[in-house]
Colleague: 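Just dropping this structure here.
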Amino acid sequence: MRRRDTTLTEFMDQPDCDPDRLVATFRSFGSVNRLLSGWNRVYRREIRPILRSMPAGGPVTLLDVGCGGGDVLHALVFRARREGYDVQGTGVDPDPRAIAFARDRGLEGIRFVEGRLEDTDLEADIVISNHVLHHLSDPEVAGLLVLSRERARSAVIHNDIARSRTALVLFQLLRPFYPGSFICADGTRSIRRSFRPAELKELARQAVKASKADGGWRLLRAGPFRTGLVWTARSEAAQ
């Protein structure tokens, strides 16, 4: 646990994984993310202030990179609309199985695009990701930081797991609640692959240096055993 284990591959990422368990995993992500991912706090502290500051007259666009089955994107768009904000969502993911599942949910006002962000011309007011960073190598994370910032007009929010032995132990308590899925097996691998806050902070510094851009990245605190990075146009302008 002193170093992230990038040799591990999650079962659901394997092209020949059990399709029934994969669908069960996509279905379970909604409850797992509500319980552990801290997006309610992220919405209150990061997204809602941006929505309030946006001029009226057009929709605010939200782009979810590596959207998986679309549960996080749907929850954020639904909450924003419930509060009276005009928000349109787009999810992009290279896994056709995830996109097929997301599209089958029939979420109004949200579209899903199969592919990698770098192979599209997608951009948005707010770019987010959930549990994407730990899937990537260090250079890939730095590249995503640069690209996501280029595609965002107002903010980028990358929300992920913080690697710790305590998180690894506590996550096992969920095993009885998600039978027939990859949630627990992949969750432990995700924790081992994930970053510690200082590691992400250093990658952000390297990405800024390599792109010769101004600063602006700061650590995200979404909750226990969580880490991530946030960039906002306001924070860059203040520097």
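Heads up: numbering here begins at 1 and tracks the sequence. Worth knowing before you read on, the calculation uses all heavy atoms, side chains too, and leaves out hydrogens, waters and symmetry mates. Note that the structure is predicted; figures quoted are calculated from it, not measured.
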Colleague: Determine whether a donor-acceptor pair (N or O, by modelled atom type, separation under 3.5 Å) exists between the side chain of Asp160 and the backbone of Val132.
Modeller: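 A pair under 3.5 Å: yes.
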Colleague: Please list, chain by chain and in numerical order, all residues satisfying salt bridge (charged side-chain N to carboxylate O under 4.0 Å, His left out) with Arg205, sequence neighbours excluded.
Modeller: Glu202
Colleague: According to side chain to side chain contact (heavy atoms under 4.5 Å, CB included), who are the partners of Arg165, at least two apart in sequence or on a separate chain?
Modeller: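 Arg165: side chain to side chain contact (heavy atoms under 4.5 Å, CB included) contacts with Met1.
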Colleague: Between Ser194 (side chain only) and Arg163 (backbone N and O only), is there a donor and an acceptor less than 3.5 Å apart?
Modeller: yes
Colleague: Could you list the residues that satisfy salt bridge (charged side-chain N to carboxylate O under 4.0 Å, His left out) with Arg21, not counting sequence neighbours?
Modeller: none
Colleague: Do Leu122 and Leu117 make a side-chain contact, defined as non-hydrogen atoms from C-beta onward lying under 4.5 Å apart?
Modeller: yes
Colleague: Ring pair (Phe, Tyr, Trp, His ring centres under 6.0 Å): which pairs involve residues 13-63, sequence neighbours left out?
Modeller: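 Checked against ring pair (Phe, Tyr, Trp, His ring centres under 6.0 Å) - neighbours excluded - the pairs reaching residues 13-63 are Phe26-Phe101.
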Colleague: Check this for me: Arg27, atom CZ, are more than 12 non-hydrogen atoms of other residues, nucleotides or ligands nearer than 6.0 Å?
Modeller: no
Colleague: Looking at residues at least two apart in the chain, or sitting in another chain, which of them share a side chain to side chain contact (heavy atoms under 4.5 Å, CB included) with Val77?
Modeller: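 Only Leu62, Leu73, Arg81, Val87, Ile110 meet the side chain to side chain contact (heavy atoms under 4.5 Å, CB included) criterion with Val77.
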Colleague: Mind checking side chain to side chain donor-acceptor pair (under 3.5 Å) for Asp64 and listing every partner two or more places apart, or none if nothing turns up?
Modeller: none
Colleague: Taking atom types as modelled, find out whether Ser190 and His131 have a side-chain donor-acceptor pair closer than 3.5 angstrom.
Modeller: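 No, because no side-chain N or O of Ser190 sits under 3.5 Å from a partner of the opposite role on His131.
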Colleague: For Asp95, which residues count as a side chain to side chain contact (heavy atoms under 4.5 Å, CB included) partner, sequence neighbours excluded?
Modeller: Asp93, Arg97, Ala98
Colleague: Say whether Gln14 and Thr9, considering side chains only, have a donor N or O and an acceptor N or O under 3.5 Å apart.
Modeller: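 Thr9 and Gln14 do not have a side-chain donor-acceptor pair below 3.5 Å.
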Colleague: Not counting sequence neighbours, which residues clear salt bridge (charged side-chain N to carboxylate O under 4.0 Å, His left out) with Glu123? List them please.
Modeller: Arg153
Colleague: Given a cutoff of under 4.5 Å between side-chain heavy atoms of I, L, V, M, F, W and Y, with clusters grown through shared members, what are the other residues clustered with Leu170?
Modeller: Leu173, Phe225
Colleague: Can you list the residues that meet the salt bridge (charged side-chain N to carboxylate O under 4.0 Å, His left out) rule with Glu114, with sequence neighbours excluded?
Modeller: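 Salt bridge (charged side-chain N to carboxylate O under 4.0 Å, His left out) check on Glu114 returns nothing, list empty.
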Colleague: Taking ring pair (Phe, Tyr, Trp, His ring centres under 6.0 Å) as the definition, give me every residue that meets it alongside Phe112, ordered by chain and number, with sequence neighbours left out.
Modeller: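 Not a single residue meets the ring pair (Phe, Tyr, Trp, His ring centres under 6.0 Å) criterion with Phe112.
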Colleague: What residues form a side chain to side chain contact (heavy atoms under 4.5 Å, CB included) with Asp138, not counting sequence neighbours?
Modeller: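 Listed in chain order: Arg4, Phe195, Leu203.
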